[in-house]
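Inspection log for the structure reproduced underneath, given as structure tokens.
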Amino acid sequence: MVEETELRYDPAAIETKWQQRWAADPHLYAAEPVSSAKPKYYVLEMLPYPSGQLHMGHVRNYSIGDALARHMWMRGYNVLHPMGWDAFGLPAENAALKNNTPPREWTLSNIAAMKRQMQRIGFSYDWGTEVTTCLPDYYRWNQWFFLRMYEKGLVYRKKSRVNWCPECATVLANEQVINGYCWRHEETLVEQRDLEQWFFRITAYAQELLDGLDKLEGWPEKVRTMQRNWIGRSEGTEIDFAVENRSEKIRVFTTRVDTIFGATSVQLAPEHPLVMALAAADAGLKTQVAELIDEQKKAKESGEMGEIEKHGIPTGHFAINPYNREPVPIWVANYVLMDYGTGAIMSVPAHDERDFEFSKKYAIPIRQVIASADSNAEEPELPFSAEEGVLLNSGEYNGLTCIQAQKRLQEAAARGAFGEAAVTFRLKDWGVSRQRYWGTPIPMIHCERDGLVPVPDEQLPVLLPERIEITQTGGSPLSRVPEFVNVKCPKCGRAARRETDTMDTFVDSSWYFYRYTDAKNVSAPFGRERARYWFPIDQYIGGVEHAILHLIYSRFWTKVMRDLGMTENDEPVRRLFTQGMVIKDGAKMSKSKGNVVSPDDMVARYGADATRMYALFAAPPDRDLEWQEDGVAGVSRFLARVWRLVEKHAPVARSAASQAQGRSATGAGVALLRKLHQTIAKITQDFEGRWHFNTCVAAIMELVNELQAADAQLASGEIAAPVVRELLRTLVLLLAPFAPYLSAELWEKLGEKSAILRAAWPKSDPELAKEDKIEVPVQINGKLIAVVRVASDADPKQFEAAALADEKVKARTAGKTVAKVIVVPGRAVNLVVK
RNA sequence: GCGGAAGUGGUGAAAUGGCAAACACACUAGCCUUAGGAGCUAGCGCCCAAAAGGCUUGCGGGUUCAAGUCCCGCCUUCCGCACCA
């Protein structure tokens, strides 16, 4: 058949054609206004940093989101599916240093390149809502928010020890320090420096951020757990120990106040104010403490804080346990942290492993104060910290359970005004100052007379100067731009200095998804009505690496906006999906490993449809995906089969366009329609929750395999034309979320004029999907012996009869007793034979 | 140490407690040919020469008529947190 061999699937031609058509129709992917009668659906993928190149992780992320967006359009939803650019950040400055290109130019040209890549792959983004965070019409609202938060007391400035990356030449947030190393520079140790820094008071929302996690049922448990740990809520008690012969008090934080009669020393962090005071008067102590501080710093920087050997220095002073007036020695210890709790602990060696190790080393007494409640039970070896048992050696509290004692001891502390119940969080305030150029300028002015003065709203945006020389001499590049720095104080009009720090780029990504709903608004970050309509985001998709930073800041920001009266919802994201990594040869793709696969190459060789469909087919979306080019070729061959199949039989299908849909199928047609409707049901269900798109693609492949096997019947007219039409039309619709270009092309070939994106998603007809005969396994004592064919609606008796009538079963049961027959209708028959 | 996820053919993987390995990739044999990164047919977990048969979801127990799936204990790998008092 000459005709057949000339048919060739040419993805490049098809994809170019449709790309042009889609580009010519800016409304195709645009959401309808908030007055739309359709239900809304907001699907969002995490916006990329414009590095210049899309990588496979992006392609995977966006292919998942795009399949969902297309499916939801076809289900009749009003879909918001936007894209933007997380466009501030250090690489632009590094590139500027390297190539002498202005950061803005470099960034914008990268954006243009990546946008072309996205359009080439055919993602259904509404570019009318595009957000670019480095442009003034976006970052002015960062400044606006900063001022609103300042007014609310949620922004403050303090001198603090900060994480400093010498490579970035800037401050890093705690979240950006990974085991003492910079999150961008895996081999650069982070240093500590003291600087005046701007902070967001995220800790004001610590409890709410924690509580909110319980309600985020559409989030992976893993992410919720990570955030819980990060917030690190700890309930306990703070107790003041007086210091013998001195006026200071030492406030300790403990979660186990019930063990306080076992406290045989008090341990202070090396940077504790009392230690500083003592060291000031004691040169010897000062030297030793300096060493401890140094040691602790190094251990923290290298991430080995958990492994350093415990040691300390006795101060020679004593603290008084307020409960029993017992004096206990005060030590300075290398394992006590100043930035958690109060920087001081009571040491209970009998019931804390760390205290035990320390006390053993220095022969500090160890006193057991908890005993097993069951007097017959063997006493566990010290130290033990289980919160079960009763108190002993604890005066009037003896015999109480740990929990009872905690409460009573707290009450006593409150009565005696030497302590109280306390909650401590691990979460720290968010340091947002960066001594970098390529970020949002912080809208504050330093006036000698008026102090800190906010830039008035009408002077926003504070524009980043465009012409600037980037050098690596440290300090903020903006501080070297006189026309930026030198301003008049908005209050007194005298010469003043503009703040030269810029904001952490995580500010940009904390609210960008609100801007998408109203990207062109010039009088507000976004309008209330639109936010109310579109939020919360129905589905957010991205990498798990953002489980803590980005997603906790975004939740914080939403709560702040709620308290500013801008939004109504507490949480920005209803459902979160974290997709797995794309790996190659068992490792994450990276330039240094040389295992990077370029999306452009894949698209050029196999087409966009094959590339993105492979990304969905090779693994379920939540798992890591091993990129194998042979697999892409396989998907491409599959698409070619689909193309030939539809191409060949389209004329028959088109001829039936005017006829009624065929329930009149017989023979092969019945079987094909059955498979078709089973496939519709399977894929529809998967979109509704399970998201195993790999098996969705497999199901379409099975369907195509069956259609192909029935090629002769499709061609000969043995299967009625209306049935052929339904088969091919539905096949193309099912394929549309996964291979949009090919689907659009074949949709047109089938004589359809309107966009397939707005065509109705097919409905599975349960009657057509139903099997009339099913194969059922027959087991004897749980072991598979035979398979029998039975009518699908047979009753249990018929299943049993069919099983017993089977030759193999007869042979196995001959001369034995069938003690029991278990029939699971439609599932299995199991004979218990003795 | 704490928390989470995972462990199934040569590979990626599939399997509401009910026929383990669907769908692909790779490989093998054959066909076709306009010699292609094409198409078609067949085979492809392990043992056994083959058949018959037996075995098989990291390891060991358990629950059940029936376990890859549920429960208990262990091992390994990956991820997150980590002197957080």
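Computed from a predicted model, the values in this text were never measured in an experiment. Proteins come first, then strands; the chains are lettered A, B, ... in the order of their sequence lines, and each starts at number 1.
- Residue K310(A) places its side chain closer to rC83(B) than to any other of rC83(B), rA13(B), rA15(B).
- Within 4.0 Å (heavy atoms only), D624(A) reaches sugar-phosphate atoms of the nucleic acid but no base atom.
- Using bins of under 30°, 30° to 60° and over 60° for the plane-to-plane angle, the ring pair H546(A)/H550(A) lands in the perpendicular bin.
- Within 4.0 Å (heavy atoms only), Q628(A) reaches sugar-phosphate atoms of the nucleic acid but no base atom.
- Between D352(A) and R256(A), none of the side-chain N atoms (NZ, or NE/NH1/NH2) sits under 4.0 Å from a carboxylate O, so this pair counts as no salt bridge.
- At a threshold of 4.0 angstrom between heavy atoms, the contacts of E353(A) with the nucleic acid are absent.
- Between R228(A) and E221(A), at least one side-chain N (NZ, or NE/NH1/NH2) sits under 4.0 Å from a carboxylate O, which counts as a salt bridge.
- A salt bridge does not link R224(A) to E217(A): none of the charged side-chain nitrogens sits closer than 4.0 Å to a carboxylate oxygen.
- Residue R623(A) places none of its side-chain N or O atoms closer than 4.0 Å to OP1 or OP2 of rC78(B).
- Between the side chains of T237(A) and Q410(A), at least one donor N or O sits under 3.5 Å from an acceptor N or O.
- D352(A) comes within 4.0 angstrom of no nucleic acid atom, judged by non-hydrogen atoms across all strands.
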Notebook entry, point to check: So what does the secondary structure string of RNA chain B come out as, 5' to 3', with Watson-Crick or wobble pairs under 3.5 angstrom, [ ] for crossing and | for pairs with another strand?
Noted result: (((((((..(((.....[....))).(((((.......))))).(((.....)))..(((((..]....))))))))))))....
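- Under a cut-off of 6.0 angstrom, the local environment of NZ in K361(A) is crowded, with over 12 non-hydrogen atoms contributed by other residues, nucleotides or ligands.
- At least one side-chain nitrogen or oxygen of S234(A) sits closer than 4.0 Å to the OP1 or OP2 atom of rA85(B).
- When the P atom is compared between rG62(B) and rU57(B), the two are found 16 Å apart, to the nearest whole Å.
- For rA82(B), the OP1/OP2 oxygens have a side-chain nitrogen or oxygen of R426(A) closer than 4.0 Å.
- When heavy atoms are screened at a 4.0 angstrom cut-off, R228(A) is found touching no nucleic acid atom at all.
- Within 6.0 Å of CD in E688(A) there are more than 12 heavy atoms belonging to other residues, nucleotides or ligands.
- Closest to the side chain of A698(A), from the set rC23(B), rC65(B), rC81(B), is rC23(B).
- Looking at the side chain of R354(A), the nearest of the listed nucleotides rA14(B), rC81(B), rC84(B) is rC84(B).
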Could you list the donor-acceptor pairs under 3.5 angstrom formed between side-chain atoms of residues 629-642 of chain A and any protein atom two or more places apart in sequence or on another chain?
from, atom 1, to, atom 2, distance (Å)
E629(A), OE2, R605(A), NH1, 2.8
E629(A), OE2, Y606(A), OH, 2.8
R641(A), NE, Q708(A), OE1, 3.4

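- Within the nucleic acid shown, F617(A) comes within 4.0 Å of at least one base atom, counting heavy atoms only.
- Nearest to the side chain of V824(A), among rA85(B), rG18(B), rG37(B), sits rG18(B).
- Closest to the side chain of M701(A), out of rC23(B), rG80(B), rA85(B), is rC23(B).
- In this structure, A633(A) reaches neither bases nor backbone, as no heavy-atom distance under 4.0 Å exists between it and the strands shown.
- In this structure, G232(A) reaches neither bases nor backbone, as no heavy-atom distance under 4.0 Å exists between it and the strands shown.
- Side-chain atoms of N830(A) and base atoms of rC65(B) include a donor and an acceptor less than 3.5 Å apart.
- Taking the ring axis of Y335(A) as reference, the NZ or CZ atom of K310(A) stays within 45° of it and closer than 6.0 Å to the ring centre.
- Using cut-offs of 30° and 60° for the angle between ring planes, the F418(A) and Y323(A) rings count as perpendicular.
- Taking every side-chain heavy atom of V832(A) into account, rC65(B) is the closest of rG37(B), rC81(B), rC65(B).
- Counting non-hydrogen atoms under 4.0 angstrom, R224(A) reaches nothing in the nucleic acid.
- For the segment residues 329-351 of chain A, residues with any heavy atom less than 4.0 angstrom from an atom of RNA chain B are, sorted by number, Y335(A), V336(A), L337(A), Y340(A), I345(A).
- For R812(A), taking side-chain heavy atoms from C-beta onward, the closest of the listed nucleotides rG54(B), rG18(B), rA24(B) is rG54(B).
- Because its glycosidic torsion is within 90° of 0, rG9(B) is reported here as syn.
- Of the candidates rA14(B), rG80(B), rG37(B), the closest approach to any side-chain atom of R605(A) belongs to rG37(B).
- If you check every strand for non-hydrogen atoms under 4.0 Å, Q708(A) touches sugar and phosphate atoms only.
- Using a 4.0 Å heavy-atom distance criterion, K783(A) is classed as a sugar-phosphate-only contact.
- Comparing rA22(B), rA24(B), rA15(B) against the side chain of E702(A) picks out rA22(B) as the nearest.
- With distances taken from any side-chain atom of K222(A) to the nucleotides rA26(B), rC79(B), rC19(B), the minimum falls on rC79(B).
- For the residue pair N334(A)/Q296(A), the side-chain donor-acceptor check at 3.5 Å is not satisfied.
- Heavy atoms of I308(A) sit under 4.0 angstrom from at least one base atom.
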